[in-house]
Each structure stands twice: as C-alpha cells, then as structure tokens.
Amino acid sequence: MIEIRNLSHAEGRTPILHDITLSLPKGGVTAILGPNGAGKSTLLSLMARLRPLQAGSIAYDGMDIAATPTERLARKLAILRQDSTVGSRLTVRDLVGFGRFPHHRGRPGPADRAAVEAALGQFDLAPLAGRFTEELSGGQRQRALVAMAFVQATDYLLLDEPLSGLDMYYARMLMRLLRRLAEEHGRTVVVVLHEINYAAAHADRIVALKDGRVALEGPAAEVFASARLSPIFGMEIPVERWHGRPVALHYT
Amino acid sequence: MAHRGLAILAAALALSCLVYLVIGVRGNWGFVLALRAERLAALLLVAASVAVATQIFQTVSGNRILTPAIVGFDALYILIQSVLVLAIGGLAAAQLPEIGRFLGETAILALAAVALFAALLRGAAGDVQRMVLAGIVLGVMFRSLTAFVQRLIDPNEFAAVQIASFARFNRIEAGPLWIAMAVGAAALAGAWAMRHRLDVMALGRDHAISLGLDHRRMLMTALVLVALLTATATALVGPLAFFGLLVTSLAHLVLRDHRHAVLMPGAALIAGIVLIAGQTVFERALGLAATLGVVVEFLGGLVFLALLLGRGWR
Ligand SMILES: Nc1ncnc2c1ncn2[C@@H]1O[C@H](COP(=O)(O)OP(=O)(O)O)[C@@H](O)[C@H]1O
Ligand SMILES: [Mg+2]
C-alpha cells in the first residue's frame, strides 16, 4: 500500500502540489490523469524520492521514504521518468542490465543475466539488444527504458507517461504487460496516462489531478464517466458504452 | 580482466617504461636504474592520478569537457600553498614537517572542493552549458587569485617553498614526497572500489537515485577523491591544465566502453604512455628539456577546443 499524507510541494515560490493525501492499495494498476501542468510528474518524482520532500510523507507498505536507505527503496520501487535521458553511450542490453544493479551492486550473476534476457524478449528488444540507445527511435528507446524499470523487479512500479512515443501496437502491449504484472505477479503499478481510454481499458483505479490537487479518485468503473472527467480537462468528454465497456469519444 | 584494448595499452606502457629505464645509461647501472625507477614510479602515479581524477569528475558532473584542472582544482591547491606562505612566511613554511604540510593542504583542498564544487554540480545539474561556463569562470578566478596572492609574497620567501606554477616532469621530486604518493595510491584504490557505482552515476542523477545510489554522498566522495588525486599530482609535478582532458578523451575514443573498470585504467595507461614515452622522446632523444609539458598542454588545448566547438557537450 502506498500512503501519501499531506504532501505539499513548491518550486521557488510557486506552489505546485497542495496538501495531497492519497492511499493506493497494494496490487493493481492505478492510472494518474490530469491536464498538462497539473503536477503529475512532480507527484511521481516525489514518490520516487527524486526530489526532496518539503512537506508531508510518503510510505510504501509502512516504509517511509524519508527514513529508508535509498538502496533499500531501489528494491521496493522503480520509476520511469517522463523524458528520461541516459548519460552514457550504452547498448540496449547494457541499459536494461542496469535495472538489476540494486540487486547485484555491480556483480551480475546468472539470475541477473537471465532476467535481462527475459525482459529483452518480453519487450521485443532482442533484435535491438546490441544497438546503442542513441541510435534508436524515440519509441524504441522508451521501450528499453521501460524494460530497465521492469527488470528492477520491484513491488511498486511508477511510470510517467510511458506510452509517449510508442506506436499503437507497443502502447497496447505495454498496457497489457502492466495488467499482467498486477494480476499474475501482484505488483502495484502507478502510471501517468494522457490517453484516458487506456485508463478505462486497463486501470483498476483512477486518480485525477488538477492544479496540484486530487480532483477525482476511485475505482475506474465508477469514476470513468462524462460528468466526472469533463470538468477536470475543461472540455466535453462524452463517454459511451461499446460492447459493455466505457469508451471516451473526445476526438471530435 | 581480459580486455583487449587494455592489454595492448598495458603492453605499450610496459615498453615505454623499459625504454625510459635503459636508454642511454652510462656508468653505474645500479645507481642510474634506481634513480630512474623512483622517478618512473612518481610519473606513473601522476599519470594515473590525473587520468582517474578527470574521469571521475567528468562522470559525476555529466559532461566530457570540464576537468578538475579546468574548474581550478589545482589552482586552488596552489592558492592554499601560497596563502600558507603569505601567512607564516616562506622559511617557516619550508620548515614545517613535509608530511604534515602536505596532509594539511590536501585536507583544506578537499574541504574547499566539496564546499565549492558540490554547489556547482548540484545547482547546474542537467544544464551542461551553464555548468561548463560556471566551471571555466571558477577556474579563471582561482588562477587570478593565486597569481595575486603570489605577487604579495616576498620573492625570496617564494623561492624557499618552490611553489610550482607550471608542470615540470624532468625535475620531479620523489624523495620527500612519499606521503603524496601514498595518498595518491590510496585515492586510486578508493576510485577502483567505486567503479561500479560510477557506471551508475554516469547514467545521470535520477537514474542513479532510482537504482539506489545516495547521489549526494557519491558526489561528495567523488569530489574528495578528485581533491586527493589533484593534490598528489600537483605536489609531484605542478598543475596540468589540459592533460587530463587529453587522456580521458583518448580513452573514450580508443576503448569505446562505458565501464569505469575499463575507462579508468585505460585513461591511466594512456596518460602513462604519453608521459613516459613523451619524456623519453623529448628529453632523451631530442634533447629538448622541459618541452613535454608544453606539447601535452597544446594537444589537450586542441581537444578542449574541438569538444567545445563540436558536439561533445556530453
Ligand atoms: N523545476 C520547476 N521549476 C518551476 N516550476 C516547475 C518545475 N517543474 C514543474 N514546474 C511547474 O509545476 C507544475 C506541474 O508540473 P508537472 O508536475 O510537470 O505537471 P504534469 O506532469 O502534470 O504535466 C507546472 O505548472 C510546471 O510549470
Ligand atoms: Mg508530466
């Protein structure tokens, strides 16, 4: 379970998050929605201890991130940041391999190598394994970065807009994979999404942020409704049912 | 480790050392060899210190242009030496126990480096252009401040402590500087122990934290190691502006590997080859004393320009 209590954050004098209190159950996929600038990335960065906490607390299964050694947290949660870049010139295999670092601290064993090969297979990266990441397309690199977070094998997986740059095929593949991780492996996935239909199709819970506050929270089946989503994005979002599933028709 | 590039470099360095030791020996072989071996050890340590300090600094600062020398680590060290002379006088400084003085100056350098450069590296993290600019300005500031303090010192007193303001490989003083060599060797061992964590640091701050590194502590540790290595090299031969940049750039070019287990020894081996072979060619074969420093700095300066003008911001 992720417990966020009274979390507030400001950059300089600009407040970004206001007193967020949120608890996400263990297991399942939670989609974080909200307009640009709502504070989704800031929230995920704080949850992943990438920025220092200013006010409030965050705990995973009772493990407070401010009081837990960072190497221990690296075996508890993994994050994929939005617009993540890599400082080194690495092959895809080496990059994904770094995801195992929290487990081997520099001396990968056979189990680590096997996990990396399995992830390369699962993300269709085997044919690209020897290529350098800067020679890949944006979507291919994104897949490699997701595989790196995935191979970290943590209970909690935080992904900030992992679908950006992915084509339809890989976007759906990734969402199905996240679903499987939650269902078959009991992992907890928190994923920032822009295309709300992916949330309808794959998420158990939805949290929507607006202007640094939680504007909406609840089981996807309840929350995914026109009357609730429209005010958050400030536009009319019709939600229809198609073969028994809710579908947002916000394209026209 | 069976890395082909490293093996070739090691062989080249071994050959350079052999030639350095035996070329043109006349008279008492035992005496000459012992003298040369001592100098050789000091030169090798300087080479390794500069190479490893530069590599570590570039990794934790996330760029391939700035080096400890360019941001003024060695100028800061000389500044500390100069301020000491100014404060207590050259004769008194010269009479201080060598070990105590070196350790004291090195400790001050380490503290100052952490205080000054940790702020720079954190403040401009991710903004390489701003960091490069700020780093170059800092370097220039320390150098002019050092020059200013040295003007204030009585010339006679200045001569008494022999503060080096340029590199001199031919008059390396190994004898009284065993303590510098010991500190340098310990810092090199520390850098080697960090090699895997440095690989992770090279990915960038957020990846490093996410993979479980205490980024702040790594930064501090790295800066302290860089300070120790710079103090060692500067105490032994004097400041070297672009030498580190030259050898790390060559190491990246030749080895094409991201692992510090390869990059650090590779840069150290290349630095050793440049110093030892260069010393042999320029001073023994061509008879041009004290020119190696100039040539090395000229080549390093060219690399610096090429990186600044080219795409080498990272
Ligand atoms: N480093 C920063 N400095 C100042 N403002 C920032 C910084 N990072 C984000 N912000 C501001 O905080 C708000 C939330 O940003 P962010 O969390 O990235 O939103 P989202 O991911 O929901 O689009 C935005 O208004 C943005 O301009
Ligand atoms: Mg965002």
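Sequence lines set the chain letters: A, B, ... in the order given, protein chains first and strands last, and positions in each chain run from 1. Computed over heavy atoms, backbone and side chain alike; hydrogens, waters and symmetry mates excluded.
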**Study point:** Residues forming a ring-ring contact (aromatic ring centres under 6.0 Å, His included) with B:Phe142, sequence neighbours excluded
**Key:** none

Exercise for review: Please report the C-alpha distance between A:Thr70 and B:Asp214 in whole Å, then the side-chain angles of each, then the deciding distance to 0.1 Å, and finally whether the side-chain hydrogen bond (donor to acceptor under 3.5 Å, both in side chains) criterion is met.
Suggested key: CA-CA 6 Å; A:Thr70 185; B:Asp214 185 337; over 6 Å; no

Exercise for review: Would you mind checking which part of A:Arg49 comes under 4.5 Å of any heavy atom in chain B, side chain (CB onward), backbone (N, CA, C, O), both or neither?
Suggested key: both

Check your understanding: Contact part of A:Leu73 toward chain B, heavy-atom cut-off under 4.5 Å: side chain, backbone, both or neither?
Key -> neither

Check your understanding: Quick one: what part of A:Leu145 sits under 4.5 Å from any heavy atom of chain B, side chain, backbone, both or neither?
Key -> side chain

Review point. Using non-hydrogen atoms only, which part of A:Arg75 is less than 4.5 Å away from chain B: side chain, backbone, both, or neither?
Key: neither

**Study point:** A:Leu166 side, atom CG; A:Gln142 side, atom CD - distance, nearest 0.5 Å
**Key:** 5.5 Å

Review point. For B:Asp257, is it the side chain, the backbone, both or neither that has a heavy atom under 4.5 Å from a heavy atom of chain A?
Key: neither

Point to revise | Salt-bridge criterion met for A:Lys76 and A:Asp155 (N-O under 4.0 Å) | key: yes

Review point. Does the gap between the ring centers of A:Phe123 and A:Tyr170 come in under 6.0 Å?
Key: no

